[in-house]
Amino acid sequence: MAKELTSMSENYSQWYNDLVVKADLAENSAVRGCMVIKPYGYAIWEKMQAQLDKMFKDTGHVNAYFPLFIPKSFFSKEAAHVEGFAKECAVVTHYRLKNDEDGNGIVVDPDAKLEEELIVRPTSETIIWNTYKNWIQSWRDLPILCNQWANVVRWEMRTRLFLRTTEFLWQEGHTAHATKQEALDETYKMVNVYADFAEKYMAMPVIKGHKSENERFAGALDTLCIEALMQDGKALQAGTSHFLGQNFAKAFDVQFANKEGKLEHVWASSWGVSTRLMGALIMAHSDDNGLVLPPKLAPFQVVVVPIYKKDEQLSQISEKAEAIIEKLRAKGISVKYDDSDAKKPGWKFAEYELKGVPVRLAIGPRDIENGTVEVARRDLLSKEVVQMDGIDDYIENLLDDIQSSIYKKAFDFRTEHTTEVDTWDEFKDVLKNKGGFISAHWDGSPETEQKIKDETKATIRCIPLGAKEEEGKCIYTGKPSNKRVLFAIAY
């Protein structure tokens, strides 16, 4: 059979690793810490990418591409930025190999040392702002609303497929504005785009909020984020949007002449999501039987499996199946017809269950006689027999129901695993015995946040947008606090 997954309750981490590999999403590569994204996994990423790309373009952004290599000197221009990324950088020092004179294969040519080392991009603020200097002279050149789809490298010691790898895929938006307010508006606009995508397409409820100073992006004045809760009670940061102020414009001397002819530094934002969203999608919805994919992101939303013994039966079933498939595709529903004879129907059922295909149709000789189809929905593992007449409308409504049902299940889970606490003992008890998001008062100091992290591994995931003013006392120090923040142990 296709499954053989470790159960979530037995070992959540192993369940996740098993599922990524056995559902053909990704595998470890020959390069330590890097992954191969397999066709089925990449098909899901392509769906994410296509929808996000549309949402970016609908909000006025355009795509560009910037170099993979960044001169080392660029990183020294913005102090907080280099400090934040220095320990994760991969560095290119030479530009040529040669045959070893002792016959020991290939070696780095010592005479081919670069005059200046190049950093393999961990993020592109520095190379992009060096470029923007050439693009911006006047207020008429603003705003610049660029996004790039790319790969980045952040040297990681402990890796996990999709969640944390040395090389990963992402998009990064980098925008330039004439005023502070425009840059702030952009920062909020994009975190809302991410939240809409997560909830409407990934069926994953998220909380929007500000990062604390300790968790803020290196070089940013403010970082907004979307935070999601996984089924093991841990939080996952699913996307970030940063208000960079004028830090990078000043570092790279990017100025423009305003309408009065005076020179000003440009205001900036940056924002990004990565293949980490694949990990979020898996952990937010899946179960011990395999993936559970929201229909809007499934590589194919419906699979049709014929049940037959003779070729003559297959021919009759295929005729009916093709008519159904044509109607479904006319509605924009993606369908796979699996009439291969290499595997038996039972194996196929288990395989498509493992891969999270939202709806499975089975058609056999008896269905041909009765004008029916067996319909199985992946999220509830339920089956029913439905008339062939009107099956296209039925499936269209069913897919909508599955999408909303998956979201509701995740939303209810988050609600059940969000707990308000008022004391340090309550905090530790919930963290140990329940997990999830903990809403608690904090005195606002980075030192207190760090002490809480050191003692419990929990961090402030965000200060929720629109959090109500509420007088209270910090759970750790007892000092005054005017609003609650969300803590959790996170990936």
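Each residue takes its place number in the sequence, starting with 1. Fair warning: this is a prediction, and the values are worked out from it, not measured in the lab.
A side-chain donor-acceptor contact under 3.5 Å links Tyr491 and Asp232. Checked by atom type, the side-chain pair Ser334/Arg329 shows no donor-acceptor distance below 3.5 Å. Side-chain contact annotation: Tyr337 with Ser318, donor-acceptor N/O pair under 3.5 Å present. Donor-acceptor pairing under 3.5 Å is recorded for the side chains of Glu186 and His61. The closest side-chain donor-acceptor pair between His174 and Ser270, if any, does not fall under 3.5 angstrom. In the model, His417 has no side-chain atom that pairs as donor or acceptor with a side-chain atom of Thr419 under 3.5 Å. With 3.5 Å as the limit, one finds no donor-acceptor pair spanning the side chains of Thr159 and Thr165. Looking at His285 and Gln231, their side chains never bring a donor and an acceptor atom within 3.5 Å of each other.
Both tests hold for Lys343 against Trp347: distance to the six-membered ring centre under 6.0 Å, angle to the ring axis within 45°. For the pair Arg121 and Phe69, the cation does not sit on the ring face, since its NZ or CZ is not both under 6.0 Å from the ring centre and inside 45° of the axis.
Taking a 6.0 Å sphere around CD of Glu455, one finds it holds more than 12 heavy atoms contributed by other residues, nucleotides or ligands. Enclosure of atom CG in Asp311 is not indicated, since only 12 or fewer non-hydrogen atoms of other residues, nucleotides or ligands lie within 6.0 angstrom. Within 6.0 Å of atom NZ in Lys383, 12 or fewer heavy atoms from other residues, nucleotides or ligands are found, so the atom counts as exposed in its surroundings. Crowding of Lys47 atom NZ: a count of heavy atoms from other residues, nucleotides or ligands under 6.0 Å exceeding 12. Surrounding CD of Glu46 are more than 12 heavy atoms belonging to other residues, nucleotides or ligands, all under 6.0 Å away. The local environment of CZ in Phe66 is crowded, with over 12 non-hydrogen atoms from other residues, nucleotides or ligands closer than 6.0 Å. When the shell of 6.0 Å around NZ of Lys457 is examined, it contains 12 or fewer heavy atoms from other residues, nucleotides or ligands.
Residues Thr187 and Leu244 have side chains not in contact (no heavy-atom distance under 4.5 Å, counting atoms from C-beta outward). Taking the side chain as every heavy atom from C-beta outward, Ile207 and Leu465 never approach each other to under 4.5 Å. Lys296 is listed as a side-chain neighbour of Gln403, based on a closest heavy-atom distance under 4.5 Å. Taking the side chain as every heavy atom from C-beta outward, Thr275 and Gln49 never approach each other to under 4.5 Å. By the 4.5 Å heavy-atom criterion applied to side chains, Gln387 and Ile391 are not counted as neighbours. Between Met388 and Ile324 the shortest side-chain heavy-atom distance falls below 4.5 Å. Counting only heavy atoms from C-beta outward, the side chains of Asp196 and Met55 approach each other to under 4.5 Å. Residues Val304 and Leu328 are not in side-chain contact: their nearest non-hydrogen atoms beyond the backbone lie 4.5 Å or more apart.
The backbone N or O of Met202 sits nowhere less than 3.5 Å from a side-chain atom of Tyr407 that would complete a donor-acceptor pair. With hydrogens and angles ignored, the 3.5 Å screen pairs a side-chain donor or acceptor of Arg32 with a backbone N or O of Met157. Within the 3.5 Å criterion, the main-chain N or O of Met35 finds no donor-acceptor partner in the side chain of Glu27.
One distance of note links CG of Leu381 with CG of Asp287; it measures 6.0 Å at 0.5 Å rounding. Rounding to the nearest 0.5 Å gives a distance of 9.0 Å between CG of Asn17 and CG of Leu163. Met48 contributes atom CE, which lies 14.5 Å from atom CG of Asp53 (distance to the nearest 0.5 angstrom). For the atom pair NZ of Lys320 and OG1 of Thr372, the computed distance is 11.0 Å after rounding to the nearest 0.5 Å.
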Show your working on salt bridge (charged side-chain N to carboxylate O under 4.0 Å, His left out) between Glu449 and Lys453 and close with a plain yes or no.
-> CA-CA 6 Å; Glu449 181 182 4; Lys453 181 179 179 180; over 6 Å; no
Stepwise ring pair (Phe, Tyr, Trp, His ring centres under 6.0 Å) check, Phe437 with Phe487 = CA-CA 6 Å; Phe437 286 132; Phe487 287 88; over 10 Å; no
Can you check side chain to side chain contact (heavy atoms under 4.5 Å, CB included) on Leu25 and Phe162, steps first, answer last?
-> CA-CA 10 Å; Leu25 301 180; Phe162 291 123; 3.9 Å; yes
Begin from the C-alpha positions of Tyr352 and Asp338 and carry the test side chain to side chain donor-acceptor pair (under 3.5 Å) through to its verdict.
-> CA-CA 10 Å; Tyr352 293 122; Asp338 189 349; 2.5 Å; yes
Hey, mind stepping through Trp267 and Gln181 against side chain to side chain donor-acceptor pair (under 3.5 Å) and telling me if it holds?
-> CA-CA 9 Å; Trp267 296 85; Gln181 191 58 50; over 6 Å; no
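Between Met8 and Ser286, the closest heavy-atom pair is SD-O, 3.8 Å.
Residues satisfying the salt bridge (charged side-chain N to carboxylate O under 4.0 Å, His left out) criterion with Glu426, sequence neighbours excluded, are absent altogether. The side-chain contact (heavy atoms from CB on, under 4.5 Å) search around Thr123 returns His81, Phe85, Glu125, Arg154, Trp170, Glu172, Phe217, not counting sequence neighbours.
By the 4.0 Å N-to-carboxylate-O rule, Lys189 lies too far from Asp185 to be salt-bridged with it. Salt-bridge annotation for Asp401 and Lys408: absent, with no side-chain N of the basic residue lying under 4.0 Å from a carboxylate O of the acidic one. Between Lys208 and Glu199, none of the side-chain N atoms (NZ, or NE/NH1/NH2) sits under 4.0 Å from a carboxylate O, so this pair counts as no salt bridge. The pair Arg484-Glu420 meets the salt-bridge criterion, since a charged nitrogen lies less than 4.0 angstrom from a carboxylate oxygen.
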